[in-house]
Every structure is written in structure tokens, then in C-alpha cells.
Amino acid sequence: MAESVADFVLARLREWGVHRIFGYPGDGINGFLGALESADGDPELVQVRHEEMSAFMACGHAKFTGELGVCLATSGPGAIHLLNGLYDAKLDRQPVLALVGQQKRMSLGSDYQQEVDLQTLFKDVSEYVQMCTTPEQARHLVDRAVRIALDARGVATLVFPNDVQDEDAVEAPPREHGAVFSGIGYARPRVLPHARELERAAAVLNEGRRVAMLVGQGALGATNEVIAVAETLGAGVARALLGRAVVPDDLPFVTGSIGLLGTRATYEMMRDCDTLLMVGSSFPYSEWLPREGQARGVQIDLSGRMLSLRYPMEVNLLGDAAETLKALGPLLRRKDDRSWREQIEQSVADWWGVVEKRARLEADPINPQQVFWELNSRLPDNAIVTGDSGSNTVWWARTLRLRQGMAASVSGTLASMGSAVPYAIAAKFAHPRRPVIAFLGDGAFQMNGMNELLTVAKYWERWGDPRLTVCVLNNRDLNMVTWEQRVMAGDPKLPATQEIPDFPAARFAQLVGLHGIRVERPEDVAGAWDEALASDRPTVIEAVVDPNVPPLPPHVGTEQAKNLAQALAKGDPDRGDVLRRSLREKMAELLPGR
Ligand SMILES: Cc1ncc(C[n+]2csc(CCOP(=O)(O)OP(=O)(O)O)c2C)c(N)n1
Ligand SMILES: [Mg+2]
């Protein structure tokens with residue numbers, strides 16, 4: 001029997017399968033802290049350095065396990081800190097439960113210290129937000145919050161005034177009018193479109209001669225089905241960022257990423273296809289999809305509201321990716337004419353040649369693409385790779401070659417800086433034996449990644465397997481934005497806003513008891529990876545990289561080229577290097593061979 005409401009909530013969550021909570025203390029959740037002590041490690045509290053990071057970890061936990069992620073924060077400031085990480089979960093459609101404290105019931109409405117209107121504050125981010133005002137409510141609030149988070153694949157928030165946490169638990173409400181009796185359990189349904197819709201879709205796909213597929217995170221778990229359908233249709237497969245791990249990079253018809261951080265092979269496939277099959281993706285940038293009217297479209301998505309949103313589809317299939325593709329399979333005819341497929345495979349092979357050539361181009365001191373490229377041949381089986389937001393995301397999406405069985409994620413839709421390290425920590429807790437590698441920029445490292453290294457230092461010995469590598473790209477620049485200013489606005493780099501301190505990330509890692517390697521020469525990059533992957537403790541690789549290597553989109557329009565020229569003409573402080581590196585990148589694409 002649970003003693004207090006807080007004990008009861010933790011016990012109920014345990015019954016729901018929750019064994020880990022990411023959080024940070026405060027007197028607004030003292031009741032929960034006491035209950036965590038009595039819970040004796042089940043659920044355990046992973047103590048973070050900042051509440052935002054606990055919400056990112058809860059989201060990362062959901063992404064890498066498919067389970068509910070849970071975070072806990074105190075009233076007022078602690079609760080407010082959660083928000084950005086919760087929005088990451090909301091936008092990437094991950095089930096996360098936030099437990100937050102509140103002032104005592106009798107003080108509410110008195111402009112009391114740390115009194116914030118939490119229900120209003122969490123309203124937009126949450127699918128469900130409620131305050132527990134009496135112990136009888138606790139049972140159905142927990143049951144509903146968990147079920148709604150799982151079912152809506154979003155955030156649920158429960159607010160607990162601190163005096164309620166300490167009240168005696170009520171396991172079952174009284175049997176009287178107004179009482180509610182809720183229960184536990186949620187099983188994801190099998191969602192399949194009607195047969196006639198599948199037939200319509202098959203007709204479109206069978207009639208097409210040049211089929212392009214685009215897969216997103218909704219297709220994670222449908223790897224074999226995606227590959228089988230692509231084989232039958234003679235299609236190429238492009239991936240949205242969150243679908244990074246849907247199809248491995250060693251398949252010859254996988255064109256890789258799409259959009260600004262996409263590949264030339266994807267760009268050409270979308271430009272030339274006559275049919276588009278989109279599976280589980282909400283990739284936002286329509287200009288990288290076929291022109292309206294160019295291709296006939298079929299889309300599969302588990303959410304009706306995401307159908308026909310980026311491209312007008314002829315057939316909209318509401319269903320699970322794997323189930324729907326499996327049902328579609330027998331209706332599809334194998335395309336005998338494989339010339340489109342051959343064209344795609346040629347363009348994929350050419351593109352990987354360009355990627356390798358670009359990774360080998362000289363830069364000052366290190367070409368960031370080399371840092372990613374050298375990992376490819378060393379990437380351990382089963383690795384989990386996390387990314388961040390910045391130019392580094394471009395190389396993460398484009399240069400890394402993932403194999404089957406690996407997992408990968410970033411803050412995809414919110415595109416927030418600061419996802420790499422908390423996601424990696426959550427991955428390490430969920431899968432301690434799997435090697436985890438996080439990539440992030442120096443801006444994100446300084447923003448919060450370095451603080452969470454303290455969390456790594458606190459817990460890593462518990463993981464049993466120490467393989468966690470945090471790779472920081474030290475370019476002394478908020479590089480993505482610098483390039484956006486040049487290419488989109490035609491403005492030169494403004495050092496006052498763009499340059500950031502040259503912070504010794506590797507030395508910092510050493511200071512907190514981790515391994516740190518600072519790499520300053522191209523010839524040392526490979527060795528740094530070998531050393532990190534064999535290290536007896538988590539390692540930070542700080543790669544000193546060139547900020548003037550352009551994260552070029554796969555297709556540069558005249559408008560963007562004009563903007564860049566204008567930015568340089570207006571006196572960009574780095575114009576010489578920017579021009580040289582941009583030309584070389586472009587030449588690597590245009591000139592055959594090495
Ligand atoms: C929380 C947050 N703040 C600001 C931004 C805007 N932004 C996107 S990328 C970027 C630069 C990131 O710099 P860094 O981490 O050093 O990566 P780099 O681009 O240099 O690889 C900024 C400021 C963002 N996406 N998220
Ligand atoms: Mg940077």
C-alpha cells in the first residue's frame with residue numbers, strides 16, 4: 001500500500017512500466033523526492049543539470065525505446081525550464097509525461113512565491129494537462145496522462161501542489177456519485193487502410209515509371225517493408241532527417257537525406273520522378289519535393305492530419321507504415337524496366353564519390369566533413385548516433401554512413417540546439433551496452449552540452465559499457481546561422497553575433513574526469529576515433545574545424561548564389577576562404593575522379 005499521494009503516483013507509474021525518471025529537485029516536489037527514496041531505485045531518478053535537459057532526455061528515451069519518457073521538475077522556475085525539451089517531444093510526436101510541482105493549494109491565487117499559472121503555461125505543449133487537487137484524483141490523472149501521451153504521441157503534464165503530494169494516498173475513490181475508476185494498459189492498434197484504397201494506391205504505383213520514395217520517422221520499424229517495396233517498384237529511397245535510420249546507407253538505391261542538408265542524388269530523383277510514395281514523413285520543405293503536377297502521389301501516415309500536407313496526394317493511406325506496406329506488397333507489380341533504378345544507383349554512387357572527395361578537401365585546420373567521414377569505417381555495430389542543430393547537422397545527415405541495426409535521432413521538427421548530449425545520455429541509460437556517439441557544435445556545447453557532461457561523469461560507471469563519445473566541432477562560430485545570413489539574406493558574417501569563445505572542450509572533459517582529445521591536424525582525426533572508441537571511459541573529441549567550409553545545399557539556385565556573392569562583396573571578414581572553399585566543394589562535384 002502506498003503511503004502518500006506521491007508514493008501512489010510512482011507505484012502507479014511503475015505499473016505502467018516506468019522505471020526511470022529524469023529530473024531535478026526543488027521544494028515544490030519534496031513529496032516526490034521522499035517517494036523516490038522509498039521507491040528504492042524503481043523508478044530511479046536520473047539527476048540532470050538543467051530541467052530542459054531532463055525533458056530532452058525523456059524525449060530521447062521515448063525515441064530510442066518506443067516507451068513513455070518521464071521528467072520531473074519543481075514549481076515555478078523548474079517547470080518553466082522544462083518547456084523547450086517538451087516542445088521537442090510535442091513536435092517530434094514522442095510520448096512524454098511531465099510531473100511538475102506547485103505551491104500549496106491554500107496559497108494559490110495569492111501571487112505567492114514561485115506561483116506560476118502552470119496549467120496555462122503547459123496548455124499549448126500538452127495534449128493533456130491537469131492539476132491534482134485531491135488524492136482521489138491521482139489514480140485517474142496518472143492513468144489518463146500516460147494513456148493520452150502514448151495514444152496521441154505527445155506530452156501530458158500533471159501538476160501536483162506540494163501539500164497534495166504529502167496527503168495520504170487513496171488507492172480507490174469512494175463508491176459514490178462523481179467518483180471515477182480508471183485502469184491501466186495501452187496497446188498500439190494495428191492500423192490498416194481499406195482494401196479499395198490499397199488497390200487505388202497500387203494502381204498509381206504500378207502505372208508509374210519513375211517512382212521516388214521518401215521515408216520519415218513513421219517508417220522506423222518498417223525497414224524490411226520499405227526495402228521490399230522499393231525493390232519491386234525499382235524506386236530510390238530518400239530519407240527525411242528523423243527517418244535517418246529507416247534504411248541503411250550501404251544500399252545502392254538509398255539516395256540519403258533531402259532538402260537543404262540533402263544529397264544531389266535525392267535532389268535529382270525528386271526532380272525527375274513521375275510518382276512519389278511518401279511514408280511516415282512530415283518533411284516540411286515542399287520546394288525539395290516534385291513540382292505540383294509533375295508526379296502522382298501516394299502517402300502513408302498514421303496521422304490523418306498529416307496527409308496531403310506537403311504535396312497533393314492522389315491516394316492517402318491512413319495506416320501503420322509496416323502493416324500498410326506489407327498489405328500493399330502483393331498488389332504491386334515488379335517493374336521490368338529497371339532503367340530508372342539504374343539511373344538512381346549511378347547517381348547514388350557518384351554522390352558518395354563527391355562526399356568522399358569533399359571530406360578529403362584541404363581546410364584550415366580540419367575539414368569538418370573529414371571528422372564524420374573517418375568515423376564511417378569505424379562505426380561499431382549497433383551504434384546509436386545523436387545529432388544537434390547547426391552546420392554539424394548537415395554533415396550528420398549527409399556524410400555519415402549508417403548500417404542496418406543502428407539508431408539515430410536529432411531534434412528534428414523543433415530543430416533546437418542542445419539535443420545531442422541529453423539524447424545520448426538517455427540512449428546510454430536505455431541501452432547501456434550499445435556504443436553511443438553524439439555530434440554537436442561548439443555553440444550547443446557551450447549552451448548546455450558541457451553542463452550535461454557532469455551528468456555523464458556522475459553516472460557513466462553504472463552503464464557497464466563506457467562507450468560514449470561526444471564529438472564537438474570547434475569552429476568558434478554559430479556557423480549555420482552565419483551561412484544562412486550569407487546565402488539567404490546576402491549579409492556578411494557579423495563577428496559580434498556569430499563568433500563564440502574558443503572553449504577547450506577536451507580539457508573541460510578531462511577536468512570532470514572524462515577522457516578528452518583535442519584534434520588540431522587532419523592526420524590525427526582517424527586516431528582520435530580509434531582512441532575514443534577503445535577508451536575505458538566516455539570521451540570528448542574536440543575537433544578544431546574550419547568554419548568556412550560551406551554546408552552547401554545539393555542545388556544552389558541563382559538567388560542564393562547572388563546572395564552569397566553580395567554578402568562577400570559587402571565585406572565578409574572571411575571572404576577569401578569562403579570563396580576558395582565554396583569553389584572547391586563545387587569542383588569536387590563537377591570534376592570526375594579524385
Ligand atoms: C535553442 C536554439 N537557439 C538558437 C537556434 C538557432 N540556431 C540554429 S543553428 C545555430 C548555430 C549553432 O552553432 P553551433 O552549435 O556552434 O553549430 P555549428 O553551426 O557551428 O555547426 C543557431 C544559433 C536554435 N536552432 N536553437
Ligand atoms: Mg560552431
Side-chain angles (χ1 to χ4, degrees), residues 48-50 52-53 363-372 374-375 385-393 395-396 417-425 428 436-461 466-482 493 495-549 573-574 577:
V48 299
R49 315 270 68 75
H50 186 298
E52 177 183 338
M53 295 292 105
D364 181 18
I366 296 173
N367 182 333
Q369 295 163 103
Q370 187 202 346
V371 179
F372 289 82
E374 301 270 17
L375 175 62
V385 190
T386 67
D388 216 277
S389 190
S391 293
N392 57 89
T393 323
W395 321 126
W396 187 90
M417 288 166 71
S419 59
V421 175
Y423 276 15
I425 292 172
K428 225 31 212 170
V436 176
I437 299 161
F439 283 97
L440 70 161
D442 47 358
F445 187 75
Q446 293 173 27
M447 185 178 266
N448 50 40
M450 57 185 281
N451 292 337
E452 289 312 314
L453 281 192
L454 297 176
T455 307
V456 173
K458 177 173 163 145
Y459 288 109
W460 72 269
E461 280 171 281
R467 287 176 298 170
L468 168 63
T469 307
V470 174
C471 180
V472 183
L473 293 134
N474 174 346
N475 56 13
R476 288 93 42 222
D477 187 29
L478 300 173
N479 194 242
M480 188 63 167
V481 179
T482 303
K493 168 176 173 173
T497 62
Q498 297 317 108
E499 286 177 0
I500 56 174
D502 183 357
F503 183 80
R507 266 169 56 208
F508 179 78
Q510 292 162 3
L511 185 67
V512 302
L514 305 176
H515 190 41
I517 310 169
R518 181 174 157 105
V519 192
E520 297 173 337
R521 302 183 311 171
E523 56 270 34
D524 296 334
V525 174
W529 279 118
D530 290 333
E531 190 179 326
L533 294 169
S535 170
D536 66 351
R537 63 192 56 214
T539 300
V540 170
I541 294 180
E542 176 194 354
V544 182
V545 298
D546 190 332
N548 295 321
V549 173
D574 295 338
D577 275 348

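- Side chain of Ser419 to main chain of Gly387: a donor-acceptor pair is present (N/O by atom type, distance under 3.5 Å, no hydrogens or angles).
- In this structure, Asn451 and Met53 have side chains that are not in contact, with every pair of non-hydrogen atoms separated by 4.5 Å or more.
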Assess whether side chain to side chain contact (heavy atoms under 4.5 Å, CB included) is satisfied between Thr393 and Met480, documenting all intermediate values. CA-CA 9 Å; Thr393 323; Met480 188 63 167; over 6 Å; no
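- For the pair Pro495 and Pro573, the minimum side-chain heavy-atom distance is below 4.5 Å.
- Nearest heavy atom pair, residue His50 against residue Glu52, reads ND1-N, 2.9 Å.
- Scanning all heavy atoms of the two residues, the minimum distance from Ala528 to Ile541 falls at O-CD1, 3.7 Å.
- For the pair Val385 and Trp396, the minimum side-chain heavy-atom distance is below 4.5 Å.
- Within the model, atoms CG of Asp477 and NZ of Lys493 stand 4.0 Å from one another, a figure rounded to the nearest 0.5 Å.
- For the atom pair Asn448 CG and Arg49 CZ, the distance stands at 12.5 Å (nearest 0.5 Å).
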Asn367 and Asp546: side chain to side chain contact (heavy atoms under 4.5 Å, CB included), yes or no, with the steps? CA-CA 6 Å; Asn367 182 333; Asp546 190 332; over 6 Å; no
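- Contact check for Thr482 versus Pro547: no side-chain heavy atoms found under the 4.5 Å cut-off.
- Two residues are said to be in side-chain contact when any heavy atoms from C-beta on lie closer than 4.5 Å; Lys428 and Tyr459 fail this criterion.
- Considering all non-hydrogen atoms of both residues, Ala457 and Leu514 come closest at CA-CD2, 4.1 Å.
- In this structure, the side chain of Thr539 does not engage the main chain of Thr469 through any donor-acceptor pair within 3.5 Å.
- Rounding to the nearest 0.5 Å places CZ of Phe445 at 10.0 Å from CG of Asn474.
- Although no hydrogens or angles enter the test, the distance criterion places a donor-acceptor pair under 3.5 Å between the side chain of Arg537 and the main chain of Gly513.
- The two atoms that bring Pro466 and Ser535 nearest to each other are CG-O, 3.8 Å, heavy atoms only.
- When atom types are taken as modelled, the side chain of Glu374 and the backbone of Trp529 share no donor-acceptor pair closer than 3.5 angstrom.
- Atoms CG and CG, from Asn392 and Asn475 in turn, are 8.0 Å apart once rounded to the nearest 0.5 Å.
- One distance of note links CZ of Phe503 with CD of Glu542; it measures 8.5 Å at 0.5 Å rounding.
- Interatomic distance, Met450 CE to Asp442 CG, rounded to the nearest 0.5 Å: 12.0 Å.
- Using a 4.5 Å heavy-atom cutoff, the side chains of Glu531 and Ile517 are in contact.
- Among all heavy-atom pairs drawn from Ala424 and Val436, the shortest one is CB-CG1, 3.6 Å.
- Between the Asp502 side chain and the Arg476 main chain, no donor and acceptor come within less than 3.5 Å of each other.
- Looking at every heavy atom in both residues, Glu452 comes nearest to Thr455 through OE1-OG1, 2.6 Å.
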Stepwise side chain to side chain contact (heavy atoms under 4.5 Å, CB included) check, Ile437 with Leu533: CA-CA 9 Å; Ile437 299 161; Leu533 294 169; 4.2 Å; yes
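- Using a distance-only test at 3.5 Å, with no hydrogens or angles considered, a donor-acceptor pair links the side chain of Asp388 to the main chain of Ala420.
- Here the side chains of Phe439 and Leu375 are in contact, with some heavy-atom distance below 4.5 Å.
- Side-chain contact between Phe372 and Cys471: absent, with no pair of heavy atoms (C-beta onward) separated by less than 4.5 Å.
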For Val540 and Val472, run side chain to side chain contact (heavy atoms under 4.5 Å, CB included): C-alpha distance rounded to whole Å, both residues' side-chain angles, the deciding distance at 0.1 Å, then the answer. CA-CA 7 Å; Val540 170; Val472 183; 4.1 Å; yes
